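These values consider heavy atoms only, across backbone and side chains, with no hydrogens, waters or symmetry-generated copies. Convention: sequence-line order gives letters A, B, ...; per-chain numbering from 1. All values reported here derive from a predicted model rather than from experimental measurement.
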2 protein chains.
Amino acid sequence: MVFAVSAANQDPGDSVAFLLSQLGHRATILFAEEMATVDLTPPHAGILRAIAENPGASQQAIARQLGLLPSRVVAFVDELEDRGYVERRRNPEDRRLHALHLTASGKKLMGKIATLARQHDRRVTAGLDPSQRDTLRELLTILARENGLTPHVHPGFRTLGRGANSRSTPAG
Amino acid sequence: MVFAVSAANQDPGDSVAFLLSQLGHRATILFAEEMATVDLTPPHAGILRAIAENPGASQQAIARQLGLLPSRVVAFVDELEDRGYVERRRNPEDRRLHALHLTASGKKLMGKIATLARQHDRRVTAGLDPSQRDTLRELLTILARENGLTPHVHPGFRTLGRGANSRSTPAG
DNA sequence: TATTGTTATACTCTATAACTATA
DNA sequence: TATAGTTATAGAGTATAACAATA
């Protein structure tokens, strides 16, 4: 993982970019804690959601969509299948592909994840009134669009660019 | 490193918490890219800044302040010293301590880092007008306070709580 | 020959814990 | 004995690349 530290800040406080980095990291940690209560990690949740939105998708398709390495998807799906949340169905038309589907148990889990995610959102945005929260969402939505971020897809899933990896601690 | 994926989103778009996680990650990556142009990583920059603000601080003090392991600080300071940015001075009163100071070259580098950080802030917030940027800063400052974040200190520096680490990919 | 899925290997990074020197 | 600093070891996690099956 990469840890950013802004170095140029005047007395009035840290820069917007640094605040985003700090709060984003905090939001990430808190989400991981929420997921841990159902014994999942964030990538597990991302894969479950992607399958829920695209039933029958292949593992390669999921990997491309989320920017994960295929070998990692295999490992995650192995775990989800072992725990009964996901099933691999052979595609008779192209027997190389594994069509991924949620089981009944997996669909139930998705409901629980949705609840936890709403709780996560409340924890992270505690301190703002509804009007402020709406304003913040609007501003962040603009920035997400400007920065080329794909809705629902966390950039931490993607393979990190080599640019930042030239030295030691780049992409933590 | 931890990658968060919010799973509960209605049609209107992703939750504030998910947007923060996405944008925070993006801001972190972009900052790492800026630092790479001067052959540094974010932790290097954080340590340089901490020394600039507290000349003569010991390595343990830096470690506590930034939430880094002392053994990691040693390695980072080794590199910064080898490159002539930092010097270790023996404290005659307690010869166990190494008082850290920036060299002239290190101070010059801090100026460059400040410039890069301002550039980073502009990149991340491109798409907002000055008024929107101010509003965003205010809202994020509220959230940073509510979430117990320390100004200038990125939580990624701190040892991640074990709570989120119970399984595999928690803290990216 | 190309692609999906899988497995195995190697590498990077980090934390842990030993070790020294001072106190 | 306790603490600052350092070094060495082991572990976790990832990416790379090899492999089998199918097209």
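The side-chain contact (heavy atoms from CB on, under 4.5 Å) check on B/T103 picks up B/E87, B/S105, with sequence neighbours excluded. Judged as a salt bridge (charged side-chain N to carboxylate O under 4.0 Å, His left out), and not counting sequence neighbours, B/R90 has no contacts. Annotation: side-chain contact (heavy atoms from CB on, under 4.5 Å) contacts of B/D94 (sequence neighbours excluded): B/R96, B/L97. Not a single salt bridge (charged side-chain N to carboxylate O under 4.0 Å, His left out) links A/E146 to another residue, sequence neighbours left out. In this structure A/E93 satisfies the salt bridge (charged side-chain N to carboxylate O under 4.0 Å, His left out) test with no other residue, sequence neighbours excluded. Residues that satisfy the side-chain contact (heavy atoms from CB on, under 4.5 Å) test with B/P70, not counting sequence neighbours, are B/Q60, B/A63.
In this structure, CD1 of A/I62 is placed 14 Å from C1' of C/dT4, rounded to the nearest angstrom. For A/R95 and D/dA20, the CZ to C1' distance is 14 Å, given to the nearest whole Å. The nearest whole Å value for the distance from the CD atom in A/E93 to the C1' atom in C/dT3 is 17 Å.
Evaluation of the salt bridge (charged side-chain N to carboxylate O under 4.0 Å, His left out) test over residues 121-132 of chain A, restricted to residues two or more places apart or in two chains, returns A/E33-A/R123, A/E34-A/R123.
Axis angle, first five pairs versus last five pairs of the helix from C/dT1-D/dA23 to C/dA23-D/dT1: 20°, rounded to 10°.
Side-chain N/O atoms of A/R72 include one lying less than 4.0 angstrom from OP1 or OP2 on D/dT14.
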Hey, what are the protein-to-nucleotides 2-7 of chain D N/O distances that come in under 3.5 Å?
| unit_1 | atom_1 | unit_2 | atom_2 | d |
| --- | --- | --- | --- | --- |
| D/dT3 | O2 | B/R96 | NH1 | 3.2 |
| D/dG5 | OP1 | B/Q59 | N | 3.2 |
| D/dG5 | OP1 | B/H98 | N | 2.9 |
| D/dG5 | OP1 | B/H98 | O | 3.4 |
| D/dG5 | OP2 | B/Q59 | N | 3.2 |
| D/dG5 | OP2 | B/Q60 | N | 2.6 |
| D/dG5 | O3' | B/H98 | ND1 | 3.3 |
| D/dT6 | OP1 | B/R88 | NE | 3.4 |
| D/dT6 | OP1 | B/H98 | ND1 | 3.4 |
| D/dT6 | OP2 | B/Q59 | OE1 | 3.1 |
| D/dT6 | OP2 | B/Q59 | NE2 | 2.7 |
| D/dT6 | OP2 | B/R88 | NH2 | 3.1 |

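Cluster membership for A/V124 and B/I142, using ILVMFWY side-chain heavy atoms within less than 4.5 angstrom, is shared.
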